[in-house]
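Input: a single structure, listed below in structure tokens.
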Protein chains: 2
Amino acid sequence: MTTRDRTHDPQAPGLAALAGLIADETRAACLLALLDGRAWTAGELARHAGVAASTLSEHLGKLVAGGLLSEERQGRHRYVRLADARVAQLVEDLAAQVSPRVSRRPRSLRESSAGSAMARGRTCYDHLAGRLGIAVTDALTVRGLLRQDTGFALTEAGLTWFDSAGIGLDRKGRRPLARACLDWTERRPHLAGVAGAALCRHALDTGWCVRIGSERAVKVTPTGERALSDLLGIEASALR
Amino acid sequence: MTTRDRTHDPQAPGLAALAGLIADETRAACLLALLDGRAWTAGELARHAGVAASTLSEHLGKLVAGGLLSEERQGRHRYVRLADARVAQLVEDLAAQVSPRVSRRPRSLRESSAGSAMARGRTCYDHLAGRLGIAVTDALTVRGLLRQDTGFALTEAGLTWFDSAGIGLDRKGRRPLARACLDWTERRPHLAGVAGAALCRHALDTGWCVRIGSERAVKVTPTGERALSDLLGIEASALR
DNA sequence: GTCACAGTTCGGTGACCGCCGAACCGTCCG
DNA sequence: CGGACGGTTCGGCGGTCACCGAACTGTGAC
């Protein structure tokens with residue numbers, strides 16, 4: 001037995017080990033990048049994090065072994081993605097907990113514009129976040145499709161709305177239909193869970209919004225502005 | 001500037017730093033112990049974790065500086081507790097994420113009975129968890145007081161029930177009235193949030209259950225069995 | 001076959017950090 | 001006042017770990 005055995009709480013080693021996986025700046029940067037829900041290659045992540053390929057390879061090994069990432073080998077590429085929605089939620093929760101960095105001034109114009117694009121609209125693994133996510137969530141709430149006053153759940157009218165909008169909801173799995181996800185830019189809850197994922201997928205599939213850049217940021221298209229206005233009464237000004 | 005500056009994600013350092021606070025076995029043991037919602041002295045925690053007082057003092061300094069703990073000095077004592085419900089939720093979420101340790105055999109009879117007592121009923125910061133928490137949540141759901149099929153929220157009938165049971169709900173703050181907390185023993189959601197906290201407080205105040213041992217575990221009293229049966233139709237057998 | 005390229009393995013290095021005991025500072029009590 | 005006790009500070013030690021470059025494996029392209 002190499003580890004010491006002092007504390008009597010059987011959960012402590014596991015908890016520390018899990019946190020330890022996230023407690024490295026390079027690995028944290030990878031997890032945040034992977035929050036876009038897509039699969040990245042090891043090389044892309046290495047360049048993104050600014051470390052040698054060999055270094056990143058070791059990091060990926062740990063993250064996969066720890067169950068945070070799933071991998072898929074294709075030819076000479078190693079694709080990794082977040083293991084599941086629960087991992088994504090965990091990372092997002094941790095990121096939201098980070099002390100609100102007030103008035104941090106961006107170091108460059110590029111970073112500044114990228115930051116504000118992220119604040120306007122982005123995906124959070126599989127659902128919409130940023131001001132866009134907030135606007136949609138608020139609109140659903142105001143129209144009585146979503147209840148936030150007694151918890152966080154769709155109403156009967158909400159179920160009907162999703163159905164008539166042609167957005168199918170898979171109610172089979174164990175994943176909650178609606179769940180609140182705390183936004184780290186707006187610090188307000190927005191719609192996640194099965195409904196949030198379906199809505200985001202629909203928005204990307206039908207061209208309501210498109211991904212910009214190589215990361216999480218998304219932009220609402222003119223088509224999307226019209227659809228959001230028609231279906232939910234969202235003013236275009238609320239998205240800027 | 002001493003830290004390196006490679007990744008372009010401004011969140012990565014903060015995320016890694018936060019996870020780093022939890023990524024130590026001793027600090028993890030402290031956080032888990034503090035999940036009972038009470039204030040512990042530094043000495044108690046040092047004995048609990050099995051390290052020297054000087055070591056633990058440094059750990060507490062980091063946890064307080066990182067905003068995970070709040071402290072209160074009284075005479076020669078230093079009391080610490082979890083900073084707020086959000087920190088508690090974070091720790092519980094992380095603990096629940098830890099790979100389900102199947103068939104881990106307890107090392108001693110004491111640990112074994114302590115474990116099963118925790119599985120029967122315990123508090124999770126400020127609300128009920130374990131089989132007790134699950135039983136209450138299920139009963140609320142079956143009786144139409146709580147909806148879990150479209151999210152997680154109290155119903156109108158649920159609000160009335162809390163009112164008629166004499167359990168006041170503070171709907172002022174920003175904290176959600178009802179929220180799902182995933183149980184690490186049962187791996188099922190149970191009631192947290194304002195309603196969960198109020199119910200737990202009421203249960204302890206009126207003697208429905210009492211704390212056993214020095215930690216999170218609670219036991220249902222005969223009075224409590226009657227109350228739970230009368231108010232929610234919970235069979236005593238569901239609590240064993 | 002040959003070259004380019006993605007990824008991995010490995011040895012070595014340096015920094016970080018958790019740990020302890022010893023000395024020290026306050027508080028409480030007799 | 002003096003002694004017990006809770007907590008903190010400090011120096012030093014040892015282990016862990018992220019990092020890199022170099023050598024290597026395997027895939028894909030020409």
Side-chain angles (χ1 to χ4, degrees), chain A residues 1-7 9 12-13 15-31 34 39-66 68-81, chain B residues 1-7 9 12-13 15-31 34 39-66 68-81:
Chain A
M1 205 57 174
T2 150
T3 60
R4 71 211 144 73
D5 185 61
R6 303 209 196 90
T7 133
D9 196 322
L15 174 56
L18 174 60
L21 286 176
I22 313 175
D24 174 83
E25 198 167 320
T26 300
R27 287 196 294 267
C30 292
L31 291 169
L34 289 163
W40 291 51
T41 68
E44 285 170 341
L45 285 172
R47 278 186 297 278
H48 175 75
V51 296
S54 60
T55 301
L56 203 110
S57 178
E58 293 171 0
H59 285 312
L60 290 188
K62 292 179 187 181
L63 290 171
V64 170
L68 294 186
L69 262 45
S70 66
E71 69 181 349
E72 195 175 338
R73 311 254 176 174
Q74 274 178 25
R76 56 184 171 181
H77 291 283
R78 179 193 204 178
Y79 286 98
V80 292
R81 51 166 23 112
Chain B
M1 206 55 174
T2 150
T3 60
R4 72 211 143 75
D5 184 59
R6 302 208 198 92
T7 134
D9 196 321
L15 175 55
L18 173 59
L21 286 176
I22 313 175
D24 174 82
E25 198 168 319
T26 300
R27 287 195 295 265
C30 292
L31 292 170
L34 289 163
W40 291 51
T41 67
E44 285 168 342
L45 285 172
R47 277 186 298 278
H48 175 75
V51 296
S54 59
T55 301
L56 203 111
S57 177
E58 292 170 1
H59 285 312
L60 289 187
K62 292 180 187 180
L63 290 170
V64 170
L68 294 186
L69 264 44
S70 67
E71 67 180 352
E72 196 175 336
R73 312 249 176 176
Q74 273 180 25
R76 56 183 170 179
H77 291 282
R78 179 192 203 177
Y79 287 96
V80 293
R81 52 167 22 115

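Protein chains get the first letters and strands the later ones, always in sequence-line order, with residue 1 at the start of each. Everything quoted here is computed from the prediction, not taken from an experiment.
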Can you check whether A:Y79 reaches A:H77 side chain to side chain, under 4.5 Å on heavy atoms? yes
Output all residues satisfying side chain to side chain donor-acceptor pair (under 3.5 Å) with A:R78, sequence neighbours left out; order by chain, then residue number. A:E71
Heavy-atom nearest nucleotide on DNA chain D for A:G20 versus A:Q74: which residue maps closer to 5'? A:G20
Can you list everything that forms a side chain to side chain contact (heavy atoms under 4.5 Å, CB included) with B:A23? Sequence neighbours excluded, please. A:A19, A:A23
How about A:L60 and A:L45: do any of their side-chain heavy atoms sit closer than 4.5 Å? yes
Round to the nearest Å and state the distance from B:E25 atom CD to C:dC17 atom P. 18 Å
Walk along nucleotides 2-7 of chain C from 5' to 3' and tag each nucleotide B, S or - by protein heavy-atom contact under 4.0 Å, base first, then sugar-phosphate. --BBSS
Mind calculating the distance between CG (A:L45) and P (D:dA18) to the nearest angstrom? 16 Å
Interatomic distance, A:L60 CG vs D:dC19 P [rounded to whole Å]: 12 Å
End-to-end axis angle, where each axis spans five pairs of the helix from C:dG1-D:dC30 to C:dG30-D:dC1, to 10°: 30°
Base, backbone or nothing for each nucleotide of nucleotides 10-15 of chain C, written B, S, -, heavy atoms under 4.0 angstrom, 5' to 3'? B-----
Please check the phosphate of D:dC17 (OP1 and OP2 only) for any side-chain N or O of A:K62 closer than 4.0 Å. no
Here the distance between atom C1' of C:dG18 and atom CG of B:L63, to the nearest Å, is 13 Å
Side chain to side chain contact (heavy atoms under 4.5 Å, CB included) against B:T55, all qualifying residues, sequence neighbours excluded: B:V51, B:A52, B:H59
Once rounded to the nearest 0.5 Å, what's the spacing between atom CG of A:L21 and atom CG of A:L31? 8.5 Å
Derivation of the side-chain contact (heavy atoms from CB on, under 4.5 Å) call for B:L34 and B:L69: CA-CA 9 Å; B:L34 289 163; B:L69 264 44; 3.9 Å; yes
Nearest-angstrom distance from the residue atom CG of A:D24 to P of D:dT16: 17 Å
Non-hydrogen side-chain atoms of A:L18 and B:I22 separated by less than 4.5 Å: no
Check whether any side-chain N or O of B:R27 sits under 3.5 Å from a backbone N or O of A:A16 as a donor-acceptor pair, and report yes or no. no
Please name the pair of heavy atoms, one in B:L56 and one in B:A42, separated by the smallest distance, quoted to 0.1 Å. CD2-O, 3.5 Å
If you round to the nearest 0.5 Å, how far is CG of A:D9 from CD of B:E25? 10.0 Å
Figure out the NE2/C1' separation between B:H59 and C:dG18, and round it to whole Å. 6 Å
Check the distance between C:dC17's C1' and B:L21's CG and give it to me in whole angstrom. 13 Å
